[in-house]
A.B. asks: 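The structure is given below, and queries will be raised subsequently.
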Amino acid sequence: MTFTFTALLCLGLTLGLGTPVLAGTLPKPILRAQPDSMVSENMTVTFLCEGTTEAKEYSLYKDGHKYLRHTEIPQTSEDKAEFSISKIDHKHAGRFRCHYRTRDGWSELSDSLELLVTADYSKPSLSAKPSPVVSERGNVTLNCISRQQYSKFILVKEGPQKLSWTQDSQYNYSTREFQALFSVGPVTASQRWTFRCYSFKKNRPQVWSEPSDPLELLVSAGTLHKPTIQVEPGSVVTYRSAVSIWCQGNINTEICVLHKEESKKPWGIQPPEVPGNKAKFSIPSVTQQHGGRYHCYCYNSAGWSEHSDTLEIVVTGIYYKKPHLTALPRPVIPSGGNITLKCVSWEGYDKLILTKEDQKFLSSMNSQYIYSIRQWQAYFFITSLTQDHIRKFRCYGHYNDTPQLWSVPSDHLKIHISGLSKKPSFLTHQGHILDPGKSLNLQCCSDINYDRFALYKVGEDNLTEHWNQQTKAGVSLSNFTLDYVSSSTGGQYRCYGAHNFSSECSASSDPLDILITGQHPFSPSLSLKPNSTVYSGDNVTLLCQSTFKVDTFILSKEGADHQPQRLKSTFQVWEFQAEFSMSAVTSALSGTYRCYGSWDSSSYLLSHGSAPVELMVSGSIRPSSAPPSRPMPTAASKDHTLENLIRMGIAVMILIVIGILIFEGWWSQRQAKHVAGM
């Protein structure tokens, strides 16, 4: 008969490990725990101390101190005693030993038995990397993770013969979690490989967390080919859109399992669709949790297959600050040329990613903060540009700790190949210099029958395309109309021709500058030298002047098709000025002229125009016998001469005053030295 004793805390009992024993005369007992040496709180644990039938008394010790009181054993045939502890809690965790007493004395102490109590700590999670499918005789890495800080993690292999491994906890800054990596293997198909992991704190090594969910490794015998994994419509998926993942095994496949890396359990289990050997895993509305790396594996009567190659799914639209993509120097590049794409963001993403129109991943770059523009940016270089590169590009941003969660995309940027056919003509009927509020019509035309024309403004990202209009003369053309001209209209424009079903375009037209007046609050003056009326062959100078700062002067002739003339200003006699010289003039130069001023920071934005000046060129050549008559000064030239004389007089007076002040200072110093010498 086995006797059961109620567990009591050792209050007032001081008999310890120093109790006399007859060493070597009595065999040490065997100590066991039921139901196990690892128990949860509130369970009942029974310690069995197996000694001899001659034992009169048994004692149980915890951590070197007597834990239960002496017990008198009746003379029976039993050779063991039971010690029960009901409602276990973390205080009962520790190392236990027992011994017994006969008429000859006390036995040795039993071997130590460690009682582990799983307390109400947050349980860790356990996952296999890259997947729980392992080849025969292969190795696998098991990752035990917890958001709560622990000193150590313990991995336990369940089964008749329990195995355990202990690792120090490591903090992962990218995931902001504590973890430990355990390498397990080689594994075999002859046994089951089921694992759990626990964690504990340094000062309480016998008090463990709740166990993780079980993880079972699936051992592939290597006789089945690995399945293929695909995703539709693509691996870059917009937030809240639908996606399907397909896993294709061999012809005898019974089930397929989809596994997401770092997941605690299989993402899905599906039989193949009938007829066929492909299993479909549908995600009707993609969210953040679906971003990650996936594998699949299949099962049939021969066992488990290897896991498939990795499929990475990226979810876009998680972060709302979208970057901006531009092409340098422009989105139209000659065939075989190089191009640089620049992705810029106001948001501080760690990485910026470039993709093509079909959502194919191209490149990822670390972002760099540019202090001058207070933005993050990255450059992507594409060399030897060909027709195959003609796609719409986009860029995204993401953070290092969430590499499969991307921002909303930039606007599309389309790259064009140019120079493969004759350039079109490009003109405007309103002239190159326009007042705000007017309308502008730009016309691109060619004697080649292009199907469409494209307008490009230098500095912008995309081209504006129009279908052509065929004229009776066999000329194809397109009109690009801007109904309301503003400061943003100013710039340099080019146009291209293109054919249907081709991503190629023609060589660029000649550039056309559009300048907007009234953007600076001043008007320069314009005058003619030697006179407003001259003979053919004479030389003429148009003088443009301004008392306000001007970097460049622009001279324009009304009704002219050619681009206005530009000259850098010089500073002379308190004025900014530029001289536009014409030699051997002809009657074709007759007309009305104006001049404008601009700043280098905005070269396409002009001041108000000067008063118009009329140039008259006589068709006859000046007689060589008669000396050229001195032109009579006009009222405007008289006013200008008088104004210059007044300015020169003021300058002379200022110089006289400065001289007097210098002389007085010198004279005062001389008198002071003379007085000091006396």
Side-chain angles (χ1 to χ4, degrees), residues 233-239 314-347 349 351-368 370 373 375-398 406-420 444 452-466 480 488-489 491-509 511:
S235 59
V236 180
V237 188
T238 306
Y239 181 70
V314 170
V315 183
T316 69
I318 301 300
Y319 309 114
Y320 295 106
K321 297 291 183 65
K322 75 177 181 179
H324 180 68
L325 187 62
T326 56
L328 302 175
R330 64 181 64 90
V332 184
I333 301 297
S335 181
N338 304 330
I339 192 170
T340 299
L341 302 183
K342 182 173 74 170
C343 186
V344 180
S345 172
W346 289 101
E347 184 71 16
Y349 298 119
K351 288 187 180 293
L352 296 171
I353 307 97
L354 182 69
T355 64
K356 288 173 69 172
E357 182 180 24
D358 56 1
Q359 297 186 335
K360 181 181 179 181
F361 175 82
L362 285 184
S363 182
S364 173
M365 299 289 291
N366 292 328
S367 67
Q368 293 185 344
I370 308 302
I373 61 175
Q375 291 178 321
W376 285 261
Q377 68 180 32
Y379 290 94
F380 301 90
F381 302 97
I382 302 176
T383 60
S384 302
L385 200 68
T386 64
Q387 185 177 350
D388 294 337
H389 291 92
I390 309 307
R391 296 287 186 273
K392 292 180 180 178
F393 293 86
R394 281 182 161 180
C395 73
Y396 302 78
H398 75 73
W406 292 4
S407 69
V408 293
S410 68
D411 294 333
H412 277 120
L413 175 65
K414 188 175 182 180
I415 306 300
H416 303 260
I417 294 291
S418 69
L420 303 179
C444 192
R452 66 185 190 279
F453 291 94
L455 176 68
Y456 171 66
K457 181 183 177 185
V458 175
E460 293 190 350
D461 302 330
N462 288 297
L463 282 70
T464 302
E465 294 186 327
H466 280 180
F480 299 87
S488 62
T489 309
Q492 187 177 91
Y493 293 80
R494 297 172 182 266
C495 81
Y496 303 84
H499 296 285
N500 282 343
F501 311 111
S502 174
S503 53
E504 302 170 354
C505 58
S506 70
S508 167
S509 69

A.B. asks: Not counting sequence neighbours, which residues clear salt bridge (charged side-chain N to carboxylate O under 4.0 Å, His left out) with K321? List them please.
C.D. replies: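 Per chain and number, K321 pairs via salt bridge (charged side-chain N to carboxylate O under 4.0 Å, His left out) with E347.
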
A.B. asks: What's the spacing between I353 CD1 and S407 OG if we round to 0.5 Å?
C.D. replies: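 If we round to the nearest 0.5 Å, I353:CD1 and S407:OG are 7.0 Å apart.
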
A.B. asks: Do Y239 and I318 come within less than 4.5 Å of each other through their side chains, counting heavy atoms only?
C.D. replies: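 A side-chain contact under 4.5 Å exists here.
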
A.B. asks: What is the minimum heavy-atom distance between V408 and G317, and which atoms define it?
C.D. replies: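 For V408 versus G317, the nearest heavy atoms are CG1-CA, 3.6 Å.
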
A.B. asks: Testing the basics here: between A327 and I339, what is the closest heavy-atom pair and its distance to 0.1 Å?
C.D. replies: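 Looks like CB-CD1, 3.9 Å.
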
A.B. asks: Got F393 and H412 here, is their nearest side-chain heavy-atom distance under 4.5 Å?
C.D. replies: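 They are not in side-chain contact.
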
A.B. asks: Please identify each residue that fulfils side chain to side chain donor-acceptor pair (under 3.5 Å) with T340, with sequence neighbours left out.
C.D. replies: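 Residues passing side chain to side chain donor-acceptor pair (under 3.5 Å) with T340: none at all.
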
A.B. asks: Could you tell me the separation between the CD atom of Q375 and the SG atom of C343, rounded to the nearest 0.5 Å?
C.D. replies: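 Taking CD in Q375 and SG in C343, the distance rounds to 10.5 Å.
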
A.B. asks: Please name all residues satisfying side chain to side chain donor-acceptor pair (under 3.5 Å) with K351, sequence neighbours left out, ordered by chain then number.
C.D. replies: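 K351 satisfies side chain to side chain donor-acceptor pair (under 3.5 Å) with N366 once adjacent residues are dropped.
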
A.B. asks: Looking only at heavy atoms, which two atoms of M365 and F380 are closest? And how far apart?
C.D. replies: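 Heavy atoms of M365 and F380 come nearest at CG-CE2, 3.3 Å.
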
A.B. asks: Search all heavy atoms of R494 against all heavy atoms of V458 and return the closest pair with its distance.
C.D. replies: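 Answer, listing the atom of R494 first, then V458: NE-CG2, 4.5 Å.
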
A.B. asks: Can you confirm whether H324 sits close enough to S410 that some side-chain heavy atom of one is under 4.5 Å from a side-chain heavy atom of the other?
C.D. replies: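 No, too far: nothing below the 4.5 Å cut-off.
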
A.B. asks: Hey, are the side chains of Y349 and Y396 touching, using non-hydrogen atoms and a 4.5 Å cut-off?
C.D. replies: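 No; the side chains remain at least 4.5 Å from each other.
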
A.B. asks: Quick check: do Y456 and Y496 have side-chain heavy atoms less than 4.5 Å from each other?
C.D. replies: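 They are in side-chain contact.
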
A.B. asks: Taking side chain to side chain donor-acceptor pair (under 3.5 Å) as the test, write out the residues that go with Y319, two or more places apart.
C.D. replies: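 Applying side chain to side chain donor-acceptor pair (under 3.5 Å) to Y319 gives T402.
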
A.B. asks: Parallel under 30°, tilted from 30 to 60°, perpendicular over 60°: which one fits the rings of H398 and W406?
C.D. replies: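 Parallel: the ring planes of H398 and W406 meet at under 30°.
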
A.B. asks: Below 4.5 Å, heavy atoms only, C-beta onward: do I415 and L341 meet side chain to side chain?
C.D. replies: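 Touching, per the 4.5 Å side-chain cut-off.
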
A.B. asks: Specify the closest pair of heavy atoms between P323 and S345, including all atoms of both residues, with the distance to one decimal.
C.D. replies: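 Between these two residues, the closest heavy atoms are CB-CB, 4.0 Å.
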
A.B. asks: Looking at every non-hydrogen atom in both residues, tell me the closest pair between S367 and W376 and how far apart they are.
C.D. replies: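 Closest approach of S367 to W376: OG-CD1, 3.6 Å.
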
A.B. asks: By side chain to side chain donor-acceptor pair (under 3.5 Å), which residues pair with Q377, not counting sequence neighbours?
C.D. replies: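 Listed in chain order: Y379.
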
A.B. asks: If the test is side chain to side chain contact (heavy atoms under 4.5 Å, CB included), which one of L325, L354, T326 qualifies with L413?
C.D. replies: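 That would be L325.
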
A.B. asks: Can you tell me if Q368 has over 12 outside heavy atoms packed within less than 6.0 Å of its CD?
C.D. replies: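 Counting neighbours around CD of Q368, 12 or fewer heavy atoms of other residues, nucleotides or ligands fall under 6.0 Å, so no.
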
A.B. asks: Return the set of residues passing salt bridge (charged side-chain N to carboxylate O under 4.0 Å, His left out) with K322 (not counting sequence neighbours), or none when no residue passes.
C.D. replies: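 K322 satisfies salt bridge (charged side-chain N to carboxylate O under 4.0 Å, His left out) with D411 once adjacent residues are dropped.
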
